[in-house]
Amino acid sequence: MDKRKSDGTKMEVEPEQQQLDGDRRSCSCGSSSTVPQLAELSSDDFQAYNRLAELMNLYHNHFRRTWNMLYQICTSGSRPAGVSIRACITQGLQLCQSLTMHHTMEERYVFPVLAERMPQFRENDHLISQHEMIHVGLVKMEEYLDTCLGGERELRWPEVKEIMDSFGEVLWKHLDDEVDQLGAENMRKFWTKEEVLSMDW
C-alpha cells in the first residue's frame, strides 16, 4: 500500500524501509516456529537434573505405602496380623500430620523458589490448588480418627473409606504431578544443572 502525506501526495519510501516492510509482510511469526530440541542428557547430567524428583518420590512412596495399608483394611475389613486397632488409628493420624507438614514445608520453602520460573508452583496454580483440596480431606480424616482414638466414637472402617475416597484421587494425582514437574526433562527447561544441584531443602 502507498504511503501518503496529509495533503494526499505520495511519499517517497527509502529502500531500507521498503525492505523492512517486506520483511514484516513475509514474516509468519509464531505460525510455523518450532521449539528447538534439547540435546540428550548424559547419565550424570540426568541424575543431577532428576535429583529433586527422586528425593520427592522417596517421601511420596512413604505416603503411598501408609495410604495403601489403611485402604486395604477399609476394603477388606481385616487388619494385618499383629496390628491393633489403636496402631491403625495412629498410622492414619501420622499420615494426616505428615502430609500436612510436608505440604506446609513445600509452600514455605520449596515452591517459592521454583515458582520464580515454573508457573505450576505459583500460588493459586495447579499444585497449590491440589494442596488445598487434599487439606480438606486430611482435616476430616484426622478429626474422625482423633475421636476414635479418644473413645468418643467407635471406629468404622467404611466411614474411614468414605473420607479417604473424598480426596484420594486428587492426592494420588498430586503425588505423581509433583514428581513429574521435578523430573530431569522438565527441570532442564528452567534451570541450569548447577542451580538444581544448589537446591538443598
Side-chain angles (χ1 to χ4, degrees), residues 29-72 74 91-142 145 160-201:
C29 300
S31 62
S32 61
S33 60
T34 58
V35 177
Q37 292 291 321
L38 297 173
E40 185 176 352
L41 291 171
S42 68
S43 177
D44 287 345
D45 285 348
F46 180 87
Q47 289 181 354
Y49 276 109
N50 207 52
R51 60 182 292 274
L52 294 179
E54 292 178 359
L55 179 62
M56 188 67 74
N57 213 32
L58 286 176
Y59 290 114
H60 288 186
N61 281 338
H62 171 71
F63 300 141
R64 291 182 182 107
R65 284 192 296 269
T66 305
W67 177 280
N68 284 337
M69 184 271 289
L70 291 170
Y71 201 82
Q72 176 64 26
C74 290
Q91 286 276 348
L93 287 170
Q94 288 176 349
L95 174 65
C96 294
Q97 293 159 5
S98 296
L99 271 168
T100 299
M101 182 180 298
H102 180 71
H103 290 171
T104 300
M105 297 293 284
E106 284 180 335
E107 292 181 22
R108 186 173 299 170
Y109 299 109
V110 180
F111 284 14
V113 175
L114 297 173
E116 292 176 6
R117 302 181 194 173
M118 304 173 76
Q120 291 278 37
F121 292 93
R122 290 174 187 160
E123 192 172 354
N124 299 323
D125 213 300
H126 178 63
L127 294 172
I128 291 184
S129 295
Q130 288 177 329
H131 278 188
E132 293 168 354
M133 290 185 282
I134 293 165
H135 183 68
V136 173
L138 290 174
V139 169
K140 289 180 181 179
M141 185 169 170
E142 186 171 2
L145 294 175
V160 178
K161 180 179 181 296
E162 183 178 351
I163 296 172
M164 295 178 76
D165 283 341
S166 72
F167 70 103
E169 183 175 351
V170 67
L171 171 63
W172 280 77
K173 187 174 190 317
H174 176 73
L175 298 178
D176 290 337
D177 286 351
E178 263 188 1
V179 173
D180 289 344
Q181 287 295 315
L182 295 173
E185 291 301 333
N186 194 48
M187 290 294 285
R188 69 188 296 208
K189 299 174 186 176
F190 303 96
W191 309 95
T192 66
K193 181 174 68 173
E194 291 72 24
E195 286 172 331
V196 174
L197 291 173
S198 71
M199 295 175 183
D200 190 15
W201 296 292

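Just so we're clear, the structure is a prediction, and the values are computed from it rather than from any experiment. Below, each value reflects all heavy atoms present in this structure, side chains not excepted, and no hydrogens, waters or symmetry copies. Heads up: numbering here begins at 1 and tracks the sequence.
- The heavy-atom pair separating Thr66 from Leu95 by the smallest distance is CG2-CB, 4.0 Å.
- Taking NZ of Lys189 as the reference point, atom CG of Leu38 lies at 8.0 Å (rounded to 0.5 Å).
- Applying the side-chain contact (heavy atoms from CB on, under 4.5 Å) test between Met118 and each of Val113, Asn186, Asp125 identifies Asn186 as the sole match.
- Annotation for Pro112 and Glu106: closest pair CD-O, 3.8 Å, computed over non-hydrogen atoms.
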Tell me, with the steps shown, if Thr100 and Val139 meet side chain to side chain contact (heavy atoms under 4.5 Å, CB included).
CA-CA 9 Å; Thr100 299; Val139 169; over 6 Å; no

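- The nearest pair of heavy atoms linking Glu178 to Leu127 is CG-CD2, 4.0 Å.
- Rounding to the nearest 0.5 Å places CZ of Arg51 at 6.0 Å from CG of Leu197.
- Remark: Phe111 pairs with Phe121, His131 by the ring pair (Phe, Tyr, Trp, His ring centres under 6.0 Å) rule, at least two apart or across chains.
- Rounded to the nearest 0.5 Å, atoms OG (Ser166) and CG (Leu171) are 10.5 Å apart.
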Let me see the working for Met105 and Val110 under side chain to side chain contact (heavy atoms under 4.5 Å, CB included), right down to the final yes or no.
CA-CA 7 Å; Met105 297 293 284; Val110 180; over 6 Å; no

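- Contact check on Arg64 versus Asp176 returns a salt bridge, with a Lys/Arg side-chain nitrogen under 4.0 Å from an Asp/Glu carboxylate oxygen.
- At distances below 3.5 Å, at least one donor-acceptor pair connects side-chain atoms of Asn50 with backbone N or O atoms of Ala184.
- Rounding to the nearest 0.5 angstrom, the gap separating the CG atom in Leu138 from the CG atom in Leu93 is 11.5 Å.
- Not a single side chain to side chain donor-acceptor pair (under 3.5 Å) links His103 to another residue, sequence neighbours left out.
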Using the side chain to side chain contact (heavy atoms under 4.5 Å, CB included) rule, take Ile128 and Glu132 through it: C-alpha gap first, then chi angles, then the decisive distance, then the call.
CA-CA 6 Å; Ile128 291 184; Glu132 293 168 354; 4.0 Å; yes

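- The nearest pair of heavy atoms linking Gly137 to Ile163 is O-CG2, 3.9 Å.
- Put simply, the side chain of His60 gets close to the backbone of Leu175: a donor and an acceptor are under 3.5 Å apart.
- A donor-acceptor pair is defined here as one N or O able to donate and one able to accept, closer than 3.5 Å; such a pair exists between the side chain of Tyr49 and the backbone of Lys193.
- For His102, the NE2 atom is densely surrounded, since the number of other residues' heavy atoms within 6.0 Å is greater than 12.
- Counting non-hydrogen atoms of neighbouring residues, nucleotides and ligands closer than 6.0 angstrom, the CD atom of Glu185 exceeds 12 such neighbours.
- Interatomic distance, Lys173 NZ to Met133 CE, rounded to the nearest 0.5 Å: 9.0 Å.
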As a quick check of understanding, evaluate side chain to side chain contact (heavy atoms under 4.5 Å, CB included) for Leu114 and Met199, giving each step before the final call.
CA-CA 10 Å; Leu114 297 173; Met199 295 175 183; 4.0 Å; yes

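- Side-chain rings of Phe167 and Trp67 approach one another, their centers coming within less than 6.0 Å.
- Using modelled atom types, one finds a donor on one side chain and an acceptor on the other under 3.5 Å when comparing Asp165 with Tyr71.
- Listed by chain and residue number, nothing satisfies the salt bridge (charged side-chain N to carboxylate O under 4.0 Å, His left out) test with Arg122 (two or more places apart in sequence, or in another chain).
- Separation of atoms CE (Met187) and CZ (Arg117) is listed at 9.5 Å; rounding is to 0.5 Å.
- Counting heavy-atom neighbours within 6.0 Å of Phe63 CZ, excluding the residue itself, gives a total above 12.
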